[in-house]
Structures are given as structure tokens and as C-alpha cells.
Amino acid sequence: MMHIKLANGRKADFEVGANIEEIGKVLAPEQMANALGGKIAGEYFGLHHPVREDAELAILSFEDKEGKAIFWHTSSHIMAQAIQHLYPKAKFAIGPAIEAGFYYDIDMEDTLNPDSFAAIEAEMKKIVAANIPLERFSLSRSEALELVKDQPYKVEMINDLPEEEKLTFYRQGDYTDFCAGPHLLSTGPVKAFKLTAVTGAYWRGDAKNRMLQRVYGISFPNEEMLTAHFEMLEEAKRRDHRKLGRELDLFDIFDEGPGFPFFFPNGMVLRNQLENFWREEHRKAGYQEIKTPIILRRELWENSGHWDHYRDNMYMTQIDNENFAVKPMNCPGGMLVFKRRPTSYKDLPIRAGELGLVHRHELSGALHGLMRVRNFTQDDAHLFMAEEHVQKEILDLIELEKKFYKLFGFEFAVELSTRPENSMGTDEQWEMATSMLQKALEASGLPYKINPGDGAFYGPKIDFHLKDSLGRTWQCGTIQLDMQMPERFELEYTGADGEKHRPIMLHRTIFGSIERFIGILTEHFAGAFPLWLCPVQAMVIPISDAHRDYAKKVEEELQKAGIRVEADYRNEKMNAKIRDAQLKKIPYMLVVGDKEAEAGTVSVRARNEARGGVKDIAACIADLEKEIADKDLF
RNA sequence: GCUGUUAUAGCUCAGCAGGCAGAGCACUUCCUUGGUAAGGAAGAGGUCAGCAGUUCGAAUCUGCUUAACAGCUCCA
């Protein structure tokens, strides 16, 4: 016998080997109608799973992340079965659950497109209606290879597994898949589903391999949830920074410059506010500011290692028959600034910030609004220090990053990226640099995960990732520890001992790229920026032409106080002016008519309708100034 | 770069299956002078992304190029 305790506190003894479904029926019968699987010691399983020892068990439903994964994984098998029925020659690769939905990678001659979906969905509907049970079984390697002999990708996967690995299969009717699971007990619960896209994806994620067809889908236990999901996607589309950038006249990208964004007057206000704030915070944190050229001689890039490791992404040019390159990173210029004169240990740490415009030749298919462009401004800084400074400097940096993200209300995920394949330096240097970053991360208490092989070619890094409106994450902040550049550029400082020493260098960004950050910011606030960032902070709305002069007076008073104000003198009804200001997401509308003109007041309407009332002009200015100074998030 | 989809007015889109290019919003002018999300009328605006081809005739069919979107790869 074994002892099972449930999350609801109930417990009982069971025969060893009783499965999760049987246990659940005894201990939590009321949950079993919606049960999809179970979780034991952090691992999740299907209801099939036999339990063999004492355990604490949680029953999983669609509400749980793991429950969704089980549901979607089975949905992917249902789709694969339908595709097998319609395209018997299809070769199947992998078909997992993802953060929202599932996909299956398939290799076949027929090319699928969105018009193919209706037939596949109809076939899936039959499979769901038949409520086919899923059966789990294990095979020896030779039996397994015999079973999948017509499926080359499955053969390759089996051959790549270690000899002793248990090979499990799931069978549902006429479809059998080599698969670790877990899965639902049958196909019936997948009541509502939709195929969403078909795209190309390289086998095993390697661009050198064959490209397979990846069919994406999403599924839910009922139609209402499916509808709600697509409504949520519609809402996300309304927040898309590319759309809002055009609508709010902030920025855009034209055919004339793919990946090279334009900023319009409204966008420049936003951008300058961010840069002003950045400068202020960095002054307080002991930074200097520099600016280095965007075109520099080829030899510099050879020296820095960019020529060997980054050449494909660099734009080249010639000046007077000599070779130059447009900078893809700011560091080499920063090195020259450090080297311009001898440095004493007393000067360290030196923190040199640069809002540096870099150009990188990104692949055309990778471009994405402001999030992925070919020229962008990094809020870069290079910190030069002795080894004893390193821990404190990294910790201070982590605090500075947190301060920035907290101000905007961003959630962020932290990763520690380690040595990539194509990189410079010795193993010893990399280990040392990585452990210094990791030590600081541990001390900071921030949760993080390791991202193996994703470091820069010159050193490991701590990355800060922010989410866009669809939940896609983008790297923004980064803290990189570099032991290569100081060596390559022979940087040194004179120590207290009179000897020359090599400084350690940190590269870092907070916004990452101002462009990307503005993209994230736009989606995060759905274009309704906090007051201090708004291109237009207040719109004066005269009710009729008779109030034009008073409106002008209000406009001028606010302008004198440094508030970004406009007035709408168009020959339109007040309602129309309010509507337009509201659509432009202007935070405050100051309506003025006879009453206000007489009393010297304004009638304040807030875009979020949370604040308002009739105020003296002076009181209105004071309130706006306070909110601007507080950088209040409402 | 790769796979799939797409490209019609500043924006959002219609134009069924080849036969004289359309709507709403925005813009200009006129009328209207109004109290918290759209007052009315008229006007102007397009080499249907570009280049070839098929056809008596192409926005519509075919090919190539360019750009965008989704994903892969890559990255801030």
C-alpha cells in the first residue's frame, strides 16, 4: 500500500500502481469532471499515470498551466491524426504544447495554407466526437524502430536517445505517436479548437536543416473560452505599437527604409522625455556622458573582434578609397575614449554613458516594427573598474534597472546568458566572468534562469526581458562582463603600487534600445502614456468661437508654465473636439465656455474620467505640474 | 535569409467569376455657435506597390522584384 495526500487535505491508502484517475475519484470526486492530470513533486502527469509510492498529489484542470499543456498536447495529436487521414504520406516531427496552444511540425509534399484548415478541422471534429481513448504503452528500442519505420523523424529521435531510455507511445485509434506525454484519457474533452497559422520551421531549430511545415492551433474545453481567446487577441492588436504609432502620429517605418524608423514630432517628445529622464538618473548614479562617431575605420573593428564575429551584420563604406564600417556596437569607440589619456586607480570606477546610434543588418524576415530594426539607439554605458569594484557595480546596476522598470510598471524576466559557440577568450576567463555575474545575481535575490550559449561573443551577460502586448518577450536591459575588449585594446590603469593593471569592463543598457523600449511602452500603456511622457498633456476646448480669446489665454498660461498644451479652435462642436482628444489619448481636456471665462476657471475632463471638476487656471496648472513631477502612473 | 499569407485614396476597407475605380473616416470650403465621445452640405484626392507577360481588353489571370504580416533562424 501507499499513502496519498491531496492538495485539499484529504488522504487515503491505495494499492501501489493505482493511477491518478482512480485516486482522484476517491479523494476529490467533485474535481474529476474537469480533471486533466495530476502533479506530484513538481512533475505533472496524465490521469493514466500509475503512482507507485507515497505522494502529495494535486489534481490539474484547464485552470492550471500544466493542465493546459496536457490538453494542448493531446489537441496536437488530434490534429496530427486528422492530417494523417487527409494526407497519408505526411511525416511527423514534433508536436508540443506551447504557451498558448500547440503546433505540429510536418514534412509532406502538399503545401498547406489557411484554405486547408477547414478540411483538417472538420476531420478533427470527427475524432473529438468519437471520443477515442488514448492508450499509453512502452516498447523496446527494436520494437519501437519497427513501429515507426515509415516516419524518418521519429526514427532519428529514437536513435538519438540514450540506449537505456524508456520509449513510450500513445495510441488513439488508427494514430500512434512516439511521445513522452502526458495526455488526456480520450479525445472527447477537446470541444472547441481552431487552427491559426501554418509557417515554416527548421527541423530541430537549425537553419541548416530541412524546413518543415508547422501548423499552429489553439483549443479549449468549450466555445466560450475559444471566443474569449480571440477577443483577447483582437484587444492585443488594438495595442500594437505599429498601429498606435501611426494613429497617434508618433513614428512609422516606410518602404523607403525597411527597418529604419522615422520619429515624428509627437514621438520625439516621448523620446526626449525618456532621454532626459535617463540623463538625470545617470548623473545621480555617477555617470559621465560621451558620444562616439557612427563611422570608424575598418582596422578598429578588426582589433575589437567585430570583424571576425559580427561582419555579416555590419554596413561597410569607403572614404577616400579606405575601408570604414558603420558601428553595430558602441564599445570600440568607448575604448578609444578610455585610452585617450593615462588613468589612475583613483579614477576608478569610470562610468561612461552614451546614447549611441548603431546600425545592424538584421535579416529582412526578422524586422518587427520598432522592436527589431536596423538602426537603433542604445542607452549604452561602459564601466571600467578594478576587480574589487565588480560586485558592487553589478549590484548597483541591477538596482538601477529595477528602478527604471518599476517606474513604468513593467514586469520583467531575468536571464543569465553563457558562452556562445562563436566567441573569443579562454574557458578560464569565461568561467570567471560568468561566476561574477551569477554571484551578483544571487546576492540581488532576483529570480533568473540560465540561457546557455546566448552570451555576447566577448562575454556572458545578464539580460532583462520585457513583454509586448501579445506576451512575446524582448530583451531590453543587459549587463555584460567583458574581459576581452580591455585586453584587445590593451587598456590599463596605474595602481597604488605604481604598476600597470588591466581594468575589468562592464557593458550595459537599461532601455536596451530606445526604439524597442518605446515600442514596449506604447503597447504597455495602449498609447495612454503617463502625463510626463505625453506629447500633448492638455487640450483646451472652447465651446464656441465666442470663447476663443479665453481659450487662448488658458493656452498661453499653461504654455508659460511649461506644460505641453494645445487648443482646438476648429469650427466643430465641443462633443466632436472631446471625442478627437479622447481618441488621441490626451490626458486632460480643459473645456471653457461662458461660465469658465467669467470665473477664470477651466472644466477639467480626464481621459480616464477619474479626475476632473472645475478649477482655477492656477490650480489646474499646479495639479498638472505635480503629476508631471511625480511621474505618477495614475 | 527561409515557409505561408498579403499589397486598391492619408487611415479602415468594398470591388462577386477580366469590360470606364468605390464607401466611411481624415482633408479643403461654405452653412451651423453648440456644455463633456461624431451637426449639415459641397469639393478635392488613386499610373489599383513596381516591372514584364497572357488577352480585343487586366485592380482582377501568370512570372519576377519590392515591402508588410505570422512563424522559423537570428538578435537590443
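Below, chains carry the letters A, B, ... as their sequence lines are ordered, and counting in each starts from 1. In this text the structure is predicted, and so the values were computed from the model without any measurement.
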>> Which is more 5' along RNA chain B, the nucleotide nearest A/Val614 or the one nearest A/Lys461? Just name the residue.
In response: A/Val614

> So, A/Gln537 side chain and A/Leu531 main chain: donor-acceptor pair closer than 3.5 Å or not?
Replying inline: yes

> Which part of the nucleic acid, if any, lies within contact of A/Lys577, taking any heavy atom under 4.0 Å across all strands shown: a base, the sugar-phosphate backbone alone, or nothing?
Replying inline: nothing

I'd like a table of atom pairs between the protein and nucleotides 42-48 of chain B - only N or O on both sides, under 3.5 Å - with the distance next to each one.
none

>> Say we look at B/rA70 and B/rC13: how far apart would their P atoms be, to the nearest angstrom?
In response: 14 Å

> When all nucleic acid strands are considered with a 4.0 Å heavy-atom cut-off, which category describes A/Glu256: base, sugar-phosphate, or nothing?
Replying inline: nothing

>> Suppose we call a contact any N or O donor and acceptor under 3.5 Å apart; does that hold for the side chain of A/Glu362 and the base of B/rG1?
In response: no

> Applying the side chain to side chain contact (heavy atoms under 4.5 Å, CB included) test to A/Asp580, which of A/Met539, A/Arg570, A/Glu572 qualifies?
Replying inline: A/Arg570

> Think A/Arg210 forms a cation-pi with A/Tyr202, using NZ or CZ under 6.0 Å from the six-ring centre and within 45 degrees of its axis?
Replying inline: no

> Looking only at atom C1', what distance separates B/rA37 and B/rU73, rounded to whole Å?
Replying inline: 46 Å

> For atom C1', what is the distance between B/rU8 and B/rG1, given to the nearest Å?
Replying inline: 30 Å

> Using a cut-off of 4.0 Å between protein heavy atoms and nucleotide atoms, how would you tag nucleotides 62-70 of chain B 5' to 3' with B, S and -?
Replying inline: -----SSSB

Pairwise N/O distances under 3.5 Å, protein to nucleotides 24-32 of chain B:
{"from": "B/rC31", "atom 1": "N4", "to": "A/Asn571", "atom 2": "ND2", "distance (Å)": "3.2"}
{"from": "B/rU32", "atom 1": "N3", "to": "A/Asn571", "atom 2": "OD1", "distance (Å)": "3.1"}
{"from": "B/rU32", "atom 1": "N3", "to": "A/Asn571", "atom 2": "ND2", "distance (Å)": "3.1"}
{"from": "B/rU32", "atom 1": "O4", "to": "A/Asn571", "atom 2": "OD1", "distance (Å)": "3.1"}
{"from": "B/rU32", "atom 1": "O4", "to": "A/Asn571", "atom 2": "ND2", "distance (Å)": "2.0"}

> How are the rings of A/His361 and A/Tyr315 set to each other: parallel, tilted or perpendicular (split at 30° and 60°)?
Replying inline: perpendicular

> Mind checking the C1' distance from B/rG46 to B/rA59? Whole angstroms is fine.
Replying inline: 11 Å

>> Between B/rC48 and B/rA7, how far apart are the two P atoms, rounded to whole Å?
In response: 15 Å

> How would RNA chain B look in dot-bracket form, 5' to 3', counting Watson-Crick and G-U wobble pairs with both distances under 3.5 Å and writing | for bases paired to another strand?
Replying inline: (((((((..((((.....[..)))).(((((.......))))).....(((((..]....))))))))))))....

> With rounding to whole Å, what would you report as the distance between B/rU66 and B/rC27 at their P atoms?
Replying inline: 37 Å

> Hey, are A/Arg242 and A/Asp240 close enough for a salt bridge, meaning a charged N less than 4.0 Å from a carboxylate O?
Replying inline: yes

> Salt-bridged, A/Glu109 to A/Lys89, with N to O below 4.0 Å?
Replying inline: no

> Rounded to the nearest Å, what distance is computed from the NE2 atom of residue A/His547 to the C1' atom of nucleotide B/rG34?
Replying inline: 10 Å

>> Output the rounded distance in Å from CG (A/Leu590) to P (B/rG35).
In response: 19 Å

> Thinking salt bridges, do A/Lys327 and A/Glu354 make one under a 4.0 Å N-O criterion?
Replying inline: yes

>> Tell me whether the rings of A/Phe457 and A/His306 are parallel (<30°), tilted (30 to 60°) or perpendicular (>60°).
In response: perpendicular

> For A/Met589, which contact category applies under a 4.0 Å heavy-atom criterion: base, sugar-phosphate, or nothing?
Replying inline: nothing

> NA contact type, A/Thr111, heavy-atom cut-off 4.0 Å: base, sugar-phosphate, or nothing?
Replying inline: sugar-phosphate

> The side chain of A/Met574 lies closest to which of these nucleotides: B/rC72, B/rC75, B/rU36?
Replying inline: B/rU36

>> Under 6.0 Å from the ring centre and within 45 degrees of the ring axis: does the NZ or CZ of A/Arg271 meet both conditions for the six-membered ring of A/Phe263?
In response: yes

> For A/Leu212 and B/rU73, what is the distance between atoms CG and C1' respectively, to the nearest whole Å?
Replying inline: 13 Å

>> According to a cutoff of under 5.5 Å between the ring centres and under 30° between the ring planes, does A/Phe376 stack with the base of B/rA76?
In response: yes

>> Whole angstroms only, please: what is the NE2-C1' distance between A/His359 and B/rA76?
In response: 14 Å

> Which nucleotide sits closest to the side chain of A/Lys573: B/rG35, B/rU36, B/rG34?
Replying inline: B/rG34

> Touch check for A/Lys237, heavy atoms < 4.0 angstrom, all strands: base, sugar-phosphate only, or nothing?
Replying inline: nothing

> With sugar-phosphate meaning primed atoms plus P, OP1 and OP2, does A/Val358 contact a base, only sugar-phosphate, or nothing at under 4.0 Å between heavy atoms?
Replying inline: nothing

Close N/O contacts between protein and nucleotides 5-10 of chain B (under 3.5 Å):
none

>> Over all strands shown, is A/Arg214 touching base, sugar-phosphate only, or nothing at heavy-atom distances under 4.0 angstrom?
In response: sugar-phosphate

> Looking across every strand, which nucleic acid part, if any, lies under 4.0 Å from A/Asp463 by heavy atom: base, sugar-phosphate, or nothing?
Replying inline: nothing

> Do A/Lys403 and A/Glu399 sit within salt-bridge range, that is, some charged N less than 4.0 Å from a carboxylate O?
Replying inline: no

> Does the side chain of A/Ile398 reach to within under 4.5 Å of the side chain of A/Leu446, using non-hydrogen atoms?
Replying inline: yes

> Between A/Phe404 and A/Phe277, is the ring centre distance below 6.0 Å?
Replying inline: yes

>> Can you pull out every salt bridge (Lys or Arg N to Asp or Glu O under 4.0 Å) where at least one residue sits in residues 456-467 of chain A? Sequence neighbours excluded, please.
In response: A/Lys461-A/Asp463

> Within this structure, what is the CD1-to-P distance between A/Ile543 and B/rG39, rounded to whole angstrom?
Replying inline: 14 Å

> Parallel, tilted or perpendicular for A/Phe220 and A/His229, by the 30°/60° rule?
Replying inline: tilted

> When the ring centroid of A/His309 is compared with that of A/Trp301, is the distance short of 6.0 Å?
Replying inline: no

> Heavy atoms under 4.0 Å, any strand shown: does A/Gly205 hit a base, just sugar-phosphate, or nothing?
Replying inline: sugar-phosphate

> How are the rings of A/Phe92 and A/Tyr104 set relative to one another: parallel (under 30°), tilted (30 to 60°) or perpendicular (over 60°)?
Replying inline: perpendicular

>> One thing to verify: whether A/Arg508 and A/Glu401 come together as a salt bridge, which I'm taking to mean a side-chain N less than 4.0 angstrom from a carboxylate O.
In response: no

> Using a cut-off of 4.0 Å on non-hydrogen atoms, how would the nucleic acid contact of A/Ala546 be classed: base, sugar-phosphate, or nothing?
Replying inline: nothing

>> Taking B/rU29 as the reference, what is the distance to B/rA44 when you measure between their C1' atoms (whole Å, please)?
In response: 10 Å

> Of all the nucleotides listed (B/rG1, B/rA37, B/rC75), which has the minimum atom distance to the side chain of A/Leu583?
Replying inline: B/rA37

> Roughly how far apart, to the nearest Å, are B/rC30 and B/rA38 at atom P?
Replying inline: 25 Å

>> Taking the basic N atoms (NZ, or NE/NH1/NH2) and the acidic carboxylate oxygens, is any pair closer than 4.0 Å for A/Arg204 and A/Asp105?
In response: no

>> So if I take every side-chain heavy atom of A/Ser544 and compare against B/rG39, B/rU73, B/rU33, which nucleotide ends up nearest?
In response: B/rU33

> Knowing that exactly one of A/Gln378, A/His507, A/His382 qualifies, which makes a side-chain hydrogen bond (donor to acceptor under 3.5 Å, both in side chains) with A/Asn330?
Replying inline: A/Gln378

>> Quick check for you: among B/rU33, B/rU73, B/rA76, whose closest atom lies nearest to any side-chain atom of A/Gln475?
In response: B/rA76

